[in-house]
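All values derive from a computational prediction rather than experimental measurement.
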Amino acid sequence: MNNKGNGIIGRKNEQDTLRYIMEEKEAKMVAVYGRRRVGKTFLVRRFFNDQFDFYFTGSFETPASIQLALFASQLRQYSGEDVPVPKSWFDAFELLRGYLEKLDKPRIVVFFDELPWMDTPKSNFIQAFSYFWNSWASARWGMKMIICGSATSWMIDKIIGDTGGLYGRCSRTIYLAPFCLGEVEHFLKEAKGIVWNRYQILEAYMIMGGIPYYLDMLDRNKTFSQNIDSLFFAHGAPLMTEYDFLFRSLFKSSAIYRQVVEAIATKSKGLTLKEIKESLGNIGDGGGLSIVLDNLCKCDFIRRYYAFGKKERGAVYQLTDMFTLFHTKFIRHDEGLDQHFWSNIKDAQHNAWAGYAFEQVCLHHLSQIRRALGISGVLTSVSAWSCKRQTDRDGTEWDGAQIDLVLERADKVIDLCEMKYSQSEFAVTADYERHLRERTATFRHFTKTRHALHNVLVTTYGLRYGMYSGIFQSTVTMDALFEEIIRPY
């Protein structure tokens, strides 16, 4: 299959997997999953040039009876025959089998998009789909089944990690991650004709993340600030209501998921399970809340991380989705914002958000940071660390300290990373240098580590040389974050 010039930016590993699947003679099922708007449908349709033997997409919040009617309509278009409306999904897949059996082709490509939306209550969709694959399609030489879904938790639980009829049936899984900064830069230039400097691209990423659907809305004829105003703050702005739809389209009890996310968003370093329960009140029950948190992690809204030296307990949940962070910070509570809010945003408002958002960008680009530090091949564990102000038994007082990124390396070095968003080279003052020295001493005292401790600065334009700049052993600049790295999945 020749896919040159298909308009796909990046996604090399993903295309290689699809190409390998197509070259195999046996029946194969591929599950493509990832955050909504990340480009799953675009990838599959462009790779196959829309040349499917059957293609059907689920409809959001649509009863099974209507979806079955739509299924029959689609089957009529592909088969050219009069197809009755099936009464159940078992009937629907039997009709599909009858059509596909008539095809005299070495390869048959079937694409089901938004599979979770087909699984409506009491529809028995997953049972019918499982029976169709196990009883016939899996034995059909040359059968290629591509399934997509934005509800990542559903895809993992019902398809990829299923313990029933679909256990182990997926030949390959493709997790489609958001673009990294380098891919965003390439996308804006090649697909949109937008040539911004890296500081502007970084800020666009801090607002939209690496989500192609959002980035595709940018207008090259507008300035950066004008784009943000028109997409988020103008009357009828297309991304003003996206937040609500995002949750409703992914989770059945979307209100609870939103409450959890918005509770976590109140604290930049995140909340523990206990703190989340306290914030939510009576809805913060143990089992149900754990499921919600797991699903939010699977769908890339939040991350679960552990403090340094506490791998088995004390998990902290932190908001990591850039678009959600921006929405909860500037839009959720503010009705009737100025249509030109972003063009006129005050420095204090901007900087308070940008500092935290930049930290999340760094966490999304750990591979790039490790490469810049020259430790790509060194086994490294990632964590955070904090302690409260306290007094030792001998009367020594220790100030509280927090380190948002700790890289513990197998070569017996621990990198204590400072992530600083700056509009120019970062300058170290005497007070800041003293703060870092005291923090390093506090870390060593309470962790009892004997590893070498290195202070690392990750910032936009680098470190300004001065009297106190030697406190940092290494510096990683914004340009290093733009390095493209082929990611496994």
Side-chain angles (χ1 to χ4, degrees), residues 34-38 150-153 156 177-178 205-211 239 242-308 310-311 313-334 349 352-364 366 382-386 388 400 402-406 419 421:
R35 184 197 187 281
R36 182 160 176 78
R37 311 295 202 188
V38 81
S150 297
T152 301
S153 57
I156 292 174
Y205 187 97
M206 288 160 58
I207 294 172
M208 301 178 177
I211 307 301
L239 292 180
E242 168 71 9
Y243 176 76
D244 294 330
F245 179 70
L246 189 59
F247 281 85
R248 287 194 300 110
S249 66
L250 293 177
F251 309 112
K252 291 180 179 179
S253 303
S254 61
I256 296 175
Y257 283 85
R258 284 184 52 178
Q259 285 178 282
V260 172
V261 164
E262 289 161 9
I264 294 172
T266 60
K267 200 169 183 179
S268 61
K269 73 173 185 178
L271 299 177
T272 64
L273 180 61
K274 179 182 178 181
E275 290 171 331
I276 297 171
K277 289 180 181 179
E278 292 172 351
S279 176
L280 296 178
N282 59 4
I283 73 166
D285 60 13
L289 180 57
S290 296
I291 293 173
V292 169
L293 291 169
D294 284 343
N295 287 339
L296 286 169
C297 287
K298 290 174 182 175
C299 293
D300 291 331
F301 282 97
I302 64 174
R303 71 169 180 135
R304 180 191 293 111
Y305 72 92
Y306 296 88
F308 180 85
K310 297 181 180 179
K311 302 299 183 185
R313 56 188 177 87
V316 179
Y317 297 88
Q318 184 184 47
L319 177 62
T320 57
D321 182 70
M322 311 303 299
F323 174 83
T324 304
L325 171 64
F326 184 79
H327 195 282
T328 54
K329 178 67 176 178
F330 293 111
I331 300 173
R332 183 169 67 92
H333 291 303
D334 297 297
Q349 284 179 296
W353 158 78
Y356 176 46
F358 181 68
E359 289 178 5
Q360 297 309 309
V361 173
C362 294
L363 293 173
H364 290 192
L366 288 175
V382 180
S383 61
W385 178 83
S386 64
K388 296 180 180 179
Q402 178 176 329
I403 307 173
D404 293 319
L405 180 57
V406 178
M419 297 167 281
Y421 186 75

Residues in side chain to side chain contact (heavy atoms under 4.5 Å, CB included) with [X], at least two apart?
X      : result
Thr272 : Lys274, Glu275, Val316
Ser279 : Ala263
Glu262 : Tyr243, Arg258, Thr328, Arg332
Asn295 : Ser153, Asp157, Phe251, Tyr257, Ile291, Lys298

Which residues pass the side-chain hydrogen bond (donor to acceptor under 3.5 Å, both in side chains) test with [X], not counting sequence neighbours?
X      : value
Thr152 : none
Glu359 : none
Glu278 : none
Tyr317 : Arg304

Report yes if the side chains of [X] and [Y] come closer than 4.5 Å at any heavy-atom pair, otherwise no.
X      : Y      : result
Ile211 : Arg36  : no
Leu363 : Thr320 : no
Tyr306 : Ser383 : no

Going from [atom1] on [X] to [atom2] on [Y], what distance comes out if it is rounded to the nearest 0.5 angstrom?
X      : Y      : atom1 : atom2 : result
Leu239 : Met208 : CG    : CE    : 6.0 Å
Phe245 : Ser254 : CZ    : OG    : 11.0 Å
Cys299 : Ile156 : SG    : CD1   : 7.5 Å
Phe323 : Phe301 : CZ    : CZ    : 9.0 Å
Leu271 : Ile276 : CG    : CD1   : 5.5 Å

* **side chain to side chain contact (heavy atoms under 4.5 Å, CB included) between Leu293 and Ile264, intermediate numbers included** => CA-CA 10 Å; Leu293 291 169; Ile264 294 172; 4.1 Å; yes

* For the side chain of Tyr356 and the backbone of Ser268, is there at least one donor-acceptor N/O pair under 3.5 Å apart? -> yes

* To do: Would you check if the side chain of His327 reaches a backbone N or O of Glu242 as a donor-acceptor pair within less than 3.5 Å?
  => no

* **Qualifying residue for side chain to side chain contact (heavy atoms under 4.5 Å, CB included) with Gln360, from Met206, Met419, Gln318** => Gln318

* To do: Please name all residues satisfying salt bridge (Lys or Arg N to Asp or Glu O under 4.0 Å) with Lys269, sequence neighbours left out, ordered by chain then number.
  => none

* To do: Provide the closest heavy-atom pair for Ser249 versus Leu246 in the form atom of the first, atom of the second, distance.
  => OG-O, 3.0 Å

* To do: Any chance you could lay out the side chain to side chain contact (heavy atoms under 4.5 Å, CB included) test for Val261 and Leu319, step after step, and finish with the verdict?
  => CA-CA 7 Å; Val261 164; Leu319 177 62; 4.0 Å; yes

* Name all residues meeting the ring pair (Phe, Tyr, Trp, His ring centres under 6.0 Å) criterion together with Tyr305; count only those two or more places apart in sequence or in a different chain, and write none if there are none. => none

